[in-house]
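What you see is a predicted model; the values in this text were computed from it and never measured. Counting starts at 1 for both ligands and their atoms, in listed order. Residue numbers start at 1 and run along the sequence shown.
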Amino acid sequence: MKTSVCIIGGGPSGLLLSQLLHLQGIHNVVLERQSREYVLGRIRAGVLEHGFAKLMREAQCGERMDREGEIHEGFFIAHDGAMDRVDLHKYSGGSSVIVYGQTELTRDLYDARERMNGTVIHNAEDVTPQDLTSPRPSVTYRRGDETVRIECDFVIGADGFHGVSRKSIPKTVLKEYEKVYPFGWLGVLSRTKPVSPELIYARHERGFALCSLRSQVLSRYYIQVPLADKVEDWSDEAFWAELQRRLPAEVSARMITGPSIEKSIAPLRSFVAEPMRYGNLFLAGDAAHIVPPTGARGLNSAASDIYYLYHAMVAHYKRSDASGLEGYSAKALARVWKAQRFSWWMTMLLHTFPDSLEYDRKLQQTDLAYLFSSEAAQRSLAENYVGLPF
Ligand code: RFL
Ligand code: PHB
């Protein structure tokens, strides 16, 4: 098989790039290790920035997002007995975010790829990038007993944190920066009315909590848990009780609980791999960088990678201009690190650290008191949360 661009990974990053390139007449193939149902069963992001939404529209996949997604112009931070609101609209110069689930967005991308006869190969086993520093790299994969080779100009590594692409870059070339946090988030999805029309991030001595949503009938809640905890350790009853303990009493009093329809634990990690290019391999999204979910930046950082890569590929194929590809890694990393900084800051501000000193807790309280007493600090939070420009 021959193609121009071979994309490894059929998550949001890979599918969005595939769709954008297709619309520009640039032939591409997506290789995904899992089935479509498996990918759509993963409950992840809920908050999108407008830069991501704009790309979805450009990819002709924004119709349902614009119809069903909710515009949020602010969110709450519960701390020290107070419930302070961050006015995103006011402090970001009129911007906002969109609440629309990653599952739905991925479904829209799959549907579009199908409608346009795009090639998305599921259940591709042993995907292996080859000859990455040659002008004609290839990717092989296995389907049953058969090994298939795809020859291409470029390989895109959009296969998430545990993918194969980043691992195919020699250790002598790749530098990895990592910070692992001593806790995870236990998330529950329930078919109940959300406790608040806007998100509530809560700092509490017992640990962080977050009230989020997917729609007016679908709630998504998280609580900070120790790394050693397993999903089986947490019955629905225990989850709701702990969540309610960490929220202001008036919020807990009006919370509607119900059976969980999904429950999972995600460890929190900050990670960046540099550079994001090796020969004709380009990394994008979680394959190159991970943030703890506290600032809702993960998917939104992938969006800027895809935006830069898409424009670089178009310049290469339409105008024989290689400058976008040459500059990709440096340009993408500059924005990636800003998302890292912001996500780290939100995480440090709102979580309870097992080894923290009383001094550290005083600083968290002071940081929050400063935030809500300073318009400049709220402006800084708002401009990062709605997304820095690409
Ligand atoms: P993905 O989604 O991991 O997709 C990668 C795909 O590659 C496939 N794959 C392979 N395919 C072929 N061969 C191999 N060897 C392969 N290895 C892996 C995988 O099966 C998968 O389908 O990466 P992508 O596309 O870069 O997208 C990144 C986002 O998924 C991620 O950043 C966000 O979900 C992070 N995130 C959030 N981001 C936001 O912007 N806003 C949020 O509100 C938000 N909330 C979250 C989050 C992540 C969370 N978890 C579970 C980590 C909330 C949570 C709880
Ligand atoms: C979510 O709804 O899953 C969500 C929202 C905001 C975050 C993280 C996750 O910061």
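Checked against the 6.0 Å centroid threshold, Phe76 and Tyr201 do not count as a close aromatic pair.
In this structure, the separation between CG on Asp153 and CE on Met313 is 8.5 Å, given to the nearest 0.5 Å. Put simply, CG on Leu388 and OG on Ser92 are 11.0 Å apart, with the number rounded to the nearest 0.5 Å.
Contact analysis leaves Ala124 out of contact with ligand 1, as no non-hydrogen atom separation drops below 4.0 angstrom. Tyr222 counts as a contact of ligand 1, since one of its heavy atoms falls under 4.0 Å from the ligand. Within the structure, ligand 1 lacks Gly187 among the residues with a heavy atom less than 4.0 angstrom away. Residue-ligand proximity: Arg214 is placed with a non-hydrogen atom under 4.0 Å from ligand 2. Heavy atoms of Leu210 approach ligand 2 to within less than 4.0 angstrom. At least one heavy atom of Arg42 sits closer than 4.0 Å to an atom of ligand 1.
Within ligand 2, counting atoms from 1 as listed, the ones closer than 4.0 Å to a heavy atom of Ala296 are 7 (C), 10 (O). Close contacts of ligand 2 with Val47, meaning ligand atoms under 4.0 Å from a residue heavy atom, involve 5 (C), 6 (C). Of all atoms in ligand 2, listed by their number and element, those nearer than 4.0 Å to a heavy atom of Trp185 are 8 (C). Counting the atoms of ligand 1 from 1 in the order shown, those under 4.0 Å from a heavy atom of Gly163 are 17 (N). Counting atoms of ligand 2 from 1 in the listed order, those under 4.0 Å from a heavy atom of Leu199 are 5 (C), 6 (C). Interface atoms of ligand 2 facing Pro293, defined by a heavy-atom separation under 4.0 Å, are 7 (C), 8 (C), 10 (O). With ligand atoms numbered from 1 in the order given, ligand 2 contributes 10 (O) to contacts under 4.0 Å with heavy atoms of Thr294. Counting atoms of ligand 1 from 1 in the listed order, those under 4.0 Å from a heavy atom of Gln102 are 2 (O), 29 (C), 30 (O), 33 (C), 34 (O). Each of the atoms 3 (O) of ligand 2 lies under 4.0 Å from some heavy atom of Arg44. With ligand atoms numbered from 1 in the order given, ligand 2 contributes 1 (C), 3 (O), 4 (C), 9 (C) to contacts under 4.0 Å with heavy atoms of Tyr222.
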Pair Arg214-Glu104, salt bridge (charged side-chain N to carboxylate O under 4.0 Å, His left out): steps then yes or no: CA-CA 10 Å; Arg214 292 292 175 273; Glu104 301 310 318; over 6 Å; no

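Test Arg166, Lys171, Arg269 against Glu176 for salt bridge (charged side-chain N to carboxylate O under 4.0 Å, His left out) and you get one pass: Arg166.
Checking Ala266, Ser212, Cys211, Gly46 against atom 2 (O) of ligand 2, the nearest heavy atom belongs to Ser212. Here the shortest heavy-atom distance to atom 1 (P) of ligand 1, taken over Arg44, Gln34, His162, belongs to Arg44.
Contacts with ligand 1 closer than 4.0 Å are made by side-chain heavy atoms of Val39 only, the backbone lying farther away. When non-hydrogen atoms are compared, ligand 1 lies under 4.0 Å from the backbone of Asn300 as well as from its side chain. Contacts of Ala266 with ligand 1, taken as heavy-atom pairs under 4.0 Å, involve the side chain alone. Proximity of Leu31 to ligand 1, defined as any heavy-atom pair under 4.0 Å, is confined to the backbone N, CA, C and O atoms.
A salt bridge is defined here as a Lys NZ or Arg NE, NH1 or NH2 lying under 4.0 Å from an Asp or Glu carboxylate O, and Glu205 with Arg246 fails to meet this definition. The pair Arg206-Glu242 meets the salt-bridge criterion, since a charged nitrogen lies less than 4.0 angstrom from a carboxylate oxygen.
Looking at ligand 2, you won't find any N or O of Ala45 less than 3.5 Å from one of its N or O atoms. Residue Ala287 has no N or O atom closer than 3.5 Å to an N or O atom of ligand 1. For the pair Arg33 and ligand 1, the shortest N or O to N or O distance falls below 3.5 Å. At least one N or O atom of Tyr201 sits closer than 3.5 Å to an N or O atom of ligand 2.
Using modelled atom types and a 3.5 Å distance limit, the side chains of Arg113 and Ser18 yield a donor-acceptor pair. Between the side chains of Gln364 and Thr366, no donor-acceptor pair of N or O atoms lies under 3.5 Å. Side-chain contact annotation: Asp108 with Tyr100, donor-acceptor N/O pair under 3.5 Å present. A side-chain donor from one of His79 and Asp84 sits under 3.5 Å from a side-chain acceptor of the other.
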